[in-house]
Amino acid sequence: MSKRMFSKSFQWLTALPLLLVTGALAVIAVGTLTGAHSPDRHWREWLFDYFQRLSPADGEAVEDFHLVLIDRESIDAVGPWPWPRTVLANLVESAGNAGAKAVILTETVDAPDPLSPETIGEFWLSGARDEALAQQLSLLPRTDERLAAAFGSVKGAVAVSQTPPIHPNRPTAFARSDIRSADWLSHSGTEGDYIALPTARYFYSINPALAGAAQPAVSALATDGDGIFRRVPLLWSLNGTPAPSISLEAARLARGVDKVSLAFDPSAANSQGRIVDSLQLGDLSVPVAGSTAVRLYLPKRVTVPSTSASRLIAASGASGTRVSSSNSQLADSVVLIGLDTELGPTVPTARGELSPAAIHALTAAQIASGNAPRRPGWTGYIEALAVMIFGAAAIMTAQRFQFWQATGVAAVLSLLLLLGAYIAFSSGGVLLNPLPSAAALFLGALSIAGGKSIGGVLRDDNLRGSFHDTLPEDAMKKLRETPNSDVLQGFYRDVTILACELRIADDDLRMMENLPDEVTRLLAAASLDLRQTIINAGGVADQADGGRMFAYFNAPLEKADHVQAGCAAALRLIESMDKVNAGLEGSSHTRGLQIHLAIGIATGECFVGPMGHGRNNRYSAIGPAVDRATLLRGQSEFYGPAMICDEQVYKESHHHFAYLELDRLRIRGEKRPVSIYALIGNPFIKSSKAFRALDDVHRQLLASYRAGDMTKAEELLEKAKNSPGAKIALFDIYEERIKKFSQSGTPEGWDGAHPIGG
């Protein structure tokens with residue numbers, strides 16, 4: 001009956017962790033789908049970085065590009081940076097004369113040249129004293145036009161808009177751009193002429209002549225949230241007009257393509273316009289993300305062929321420069337001119353710090369070779385579906401295996417998923433994220449532990465609430481780990497009963513009559529302490545009325561040594577009560593107050609099990625042993641504070657513990673007189689010389705007393721009272737009895753037994 005009442009009542013708790021795991025899997029799947037292409041998923045991005053370290057891009061991939069670096073040697077030759085744009089113009093011309101296919105200036109020009117005569121003249125005109133000199137300076141040729149003239153002899157581009165938006169990959173950073181304003185772009189279809197591109201802005205403005213001679217290209221490089229640069233937007237909206245990045249322009253010039261063709265995603269658009277799906281450079285198709293970005297994929301060696309700017313030009317005073325004749329390495333290359341990592345900024349990548357010029361060259365080489373990792377739009381759906389599939393598989397596996405086995409299977413499958421993702425990247429260039437599926441595997445594997453622990457905790461809480469913290473830990477453990485066990489069934493078996501009662505002497509109660517709350521609090525605290533001591537000793541604690549309590553041993557789990565366990569628990573209860581009384585003595589409110597503990601111990605067959613309903617349920621026992629233990633508990637006050645045991649307890653445990661026989665009683669309902677015993681102490685006391693001497697004298701005393709030889713009994717009583725540790729109320733009782741029978745004689749049929757209370 002109890003099994004039906006409790007085991008089945010809590011079976012639903014085992015399903016609760018599965019429901020929680022299923023909900024967690026759904027959350028992971030939705031998060032995987034919505035964040036499949038977000039750069040803010042740092043764990044995924046770090047994994048992809050690791051894949052690229054293991055399998056870098058093939059070949060050098062940069063033979064068509066060459067860097068002309070403005071380094072320390074160049075600064076020593078020309079002068080401190082920034083240089084006048086006439087010097088930059090000489091660099092461009094020198095690269096063109098060396099046979100460069102195109103030249104790109106990666107240092108931005110969308111601000112006035114601070115060293116141009118025009119800028120200096122404006123400064124003098126605005127407040128200088130030599131106005132004539134200022135007017136003459138303002139009439140000198142403009143350096144921007146000199147730079148534009150240099151690009152007249154070689155194709156090229158100039159950098160603008162160095163500062164990127166904070167989040168270039170988010171739709172909020174997009175702007176509306178008109179394709180018709182960019183003659184270097186073409187597109188197919190009739191859906192409209194506006195596209196949505198990440199926003200870039202001129203820092204100040206660009207000279208119209210320079211903008212007409214060289215393509216303005218955006219140099220902005222935006223890092224991800226963790227500070228690592230991974231994505232290069234190829235198209236930008238520059239003041240409402242599409243503009244290429246330096247990387248795209250370098251790749252276009254390297255391939256000799258006049259126009260870049262656009263293809264759009266037919267299923268995606270926003271309020272700013274259509275979304276670019278891929279770029280076409282001649283016969284080369286370059287898939288891009290929604291923000292027109294490609295993922296940087298670095299080769300094994302990230303060095304780009306470079307030449308110091310000092311080799312192209314050499315300072316010859318302030319009036320001119322001369323061209324070096326040993327620059328054949330620039331022939332047929334797209335030359336990118338920019339600062340090196342010592343003089344200019346650096347960009348952190350998955351492979352270390354690189355200069356912006358090197359980043360643009362490597363990206364351009366990657367675009368031109370078509371060697372770029374892809375993360376198609378369908379990857380998010382596949383990964384979200386895999387979360388649910390692998391999570392469900394892990395849950396089913398966890399139901400069949402033990403926890404460590406299910407965890408091992410999850411670990412092996414996670415490694416296989418990781419290996420599969422790496423193979424997909426290294427062989428096909430497809431970026432798949434195995435981390436959500438691996439998390440689902442471990443979460444499913446943990447469901448078996450969660451099912452037992454969470455369900456066990458809830459069931460444990462309900463059971464403890466139902467039984468008022470009565471069951472020992474081994475029984476609770478079996479209930480948690482085996483929900484359908486028969487722990488809570490009713491049994492009929494031998495059980496050792498320990499009946500105890502907390503008592504306060506009448507004089508002490510009168511002393512505390514003005515502090516009733518203090519008395520009830522003390523009794524409650526003492527009861528709680530006794531209950532915990534019983535449970536720790538392996539017994540079932542059953543609270544009765546007032547300060548009364550029962551402890552049951554050999555229930556609900558069987559124990560062969562339950563009698564010894566009951567006796568050991570009684571001794572521990574006395575030790576616990578001694579500590580309680582020591583605490584009372586240490587308080588000024590309760591000094592002098594003592595709580596006494598009466599204990600009766602009996603063993604015999606009883607019915608044990610849950611007896612009650614709902615929150616009022618109790619684990620209790622019914623049988624003659626319960627009545628006998630209750631009777632013995634009541635006799636404790638008469639014989640002095642003592643732990644009183646029946647004959648059966650004595651017979652089964654006297655070789656372990658120290659006992660003194662108290663009396664022989666004639667109890668109503670019993671066919672013969674029964675002996676009762678006082679539990680004195682543990683085996684160490686039993687083996688002590690003092691106890692053996694006292695026990696021997698006490699045995700002789702009882703033998704003489706029951707034989708009716710009161711003279712001999714009186715002699716032995718005096719000897720017993722003089723024994724160490726013999727100041728007990730028992731000898732006062734026998735002294736009164738011996739005196740009475742010495743005067744009046746023993747009754748007819750005397751056998752030494754006394755009725756209860758005699």
Side-chain angles (χ1 to χ4, degrees), residues 65-70 74 81-97 100-116 118-119 141-164 181-185 200-221 232-239 241-254 258 260 309 312-313 330 333-339 344-345 355-361 363-364:
F65 302 91
H66 200 97
L67 298 181
V68 172
L69 295 178
I70 302 169
S74 304
W81 181 263
W83 291 343
R85 288 178 188 167
T86 52
V87 177
L88 298 179
N90 290 334
L91 276 177
V92 172
E93 288 177 344
S94 298
N97 294 335
K101 181 184 294 186
V103 179
I104 298 177
L105 184 60
T106 64
E107 300 305 320
T108 56
V109 296
D110 54 343
D113 182 358
L115 301 179
S116 69
E118 178 186 13
T119 304
R142 297 182 178 180
T143 56
D144 284 333
E145 294 176 356
R146 172 70 181 89
L147 183 58
F151 277 107
S153 59
V154 62
K155 294 181 179 180
V158 290
V160 296
S161 188
Q162 185 177 18
T163 304
S181 59
D183 57 4
W184 57 276
L185 282 179
R201 292 180 175 85
Y202 288 120
F203 177 73
Y204 184 74
S205 64
I206 186 171
N207 183 278
L210 182 57
Q215 172 65 49
V218 176
S219 65
L221 298 175
V232 186
L234 301 185
L235 289 175
W236 295 83
S237 176
L238 188 61
N239 287 2
T241 300
S245 68
I246 291 179
S247 303
L248 176 61
E249 185 64 12
R252 183 181 73 85
L253 294 171
D258 291 332
V260 176
L312 274 73
I313 58 174
L330 275 61
S333 296
V334 174
V335 174
L336 291 89
I337 302 173
L339 296 169
S355 68
I359 291 286
H360 289 303
T363 307

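For this chain, numbers begin at 1 and follow the sequence in order. The structure displayed is predicted, hence computed values, not measured ones.
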Let me confirm one number: the [atom1]-[atom2] distance from [X] to [Y], rounded to the nearest 0.5 Å.
X      : Y      : atom1 : atom2 : answer
Glu107 : Trp81  : CD    : CH2   : 5.0 Å
Ser355 : Leu339 : OG    : CG    : 9.0 Å
Ile359 : Ser219 : CD1   : OG    : 12.5 Å
Trp83  : Leu88  : CH2   : CG    : 7.5 Å
Ile104 : Glu249 : CD1   : CD    : 6.0 Å
Leu221 : Thr363 : CG    : OG1   : 7.5 Å

Do side-chain atoms of [X] reach the backbone of [Y] as a donor and acceptor pair under 3.5 angstrom?
X      : Y      : answer
Lys101 : Ala254 : yes
Glu145 : Ala209 : no
Asp144 : Asn207 : no
Asp113 : Pro84  : no
Thr106 : Ile337 : yes

Closest approach of [X] to [Y] (non-hydrogen atoms, all atoms of both residues):
X      : Y      : value
Leu69  : Ser74  : O-OG, 3.7 Å
Leu253 : Gly156 : CD1-CA, 4.2 Å
Pro244 : Trp184 : CD-CZ2, 3.2 Å
Gly96  : Val103 : N-CG2, 4.4 Å
Ala150 : Ala89  : CB-O, 3.5 Å
Ala250 : Val334 : O-CG2, 4.0 Å

**Study point:** Sequence-distant partners of Arg201, salt bridge (charged side-chain N to carboxylate O under 4.0 Å, His left out), two or more places apart
**Key:**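 Arg201 satisfies salt bridge (charged side-chain N to carboxylate O under 4.0 Å, His left out) with no residue once adjacent residues are dropped.
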**Study point:** Side chain proximity check, Val335 to Val154, heavy atoms < 4.5 angstrom
**Key:** no
Point to revise | Student check: side-chain heavy atoms of Leu336 and Phe65 closer than 4.5 Å | key: yes
Exercise for review: For side-chain contact (heavy atoms from CB on, under 4.5 Å), just list the numbers for Val260 and Leu234, CA-CA rounded to whole Å, side-chain angles, deciding distance to a tenth of an Å, and then say yes or no.
Suggested key: CA-CA 11 Å; Val260 176; Leu234 301 185; over 6 Å; no
**Study point:** Check against side-chain contact (heavy atoms from CB on, under 4.5 Å), Arg146 and Asn90
**Key:** CA-CA 9 Å; Arg146 172 70 181 89; Asn90 290 334; 3.0 Å; yes
Check your understanding: side-chain contact (heavy atoms from CB on, under 4.5 Å) between Phe151 and Val92: does it pass, once the steps are laid out?
Key -> CA-CA 7 Å; Phe151 277 107; Val92 172; 3.9 Å; yes
Exercise for review: Report the residues that fulfil side-chain hydrogen bond (donor to acceptor under 3.5 Å, both in side chains) with Ser245, sequence neighbours left out, ordered by chain and then residue number.
Suggested key: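 Ser245 satisfies side-chain hydrogen bond (donor to acceptor under 3.5 Å, both in side chains) with no residue once adjacent residues are dropped.
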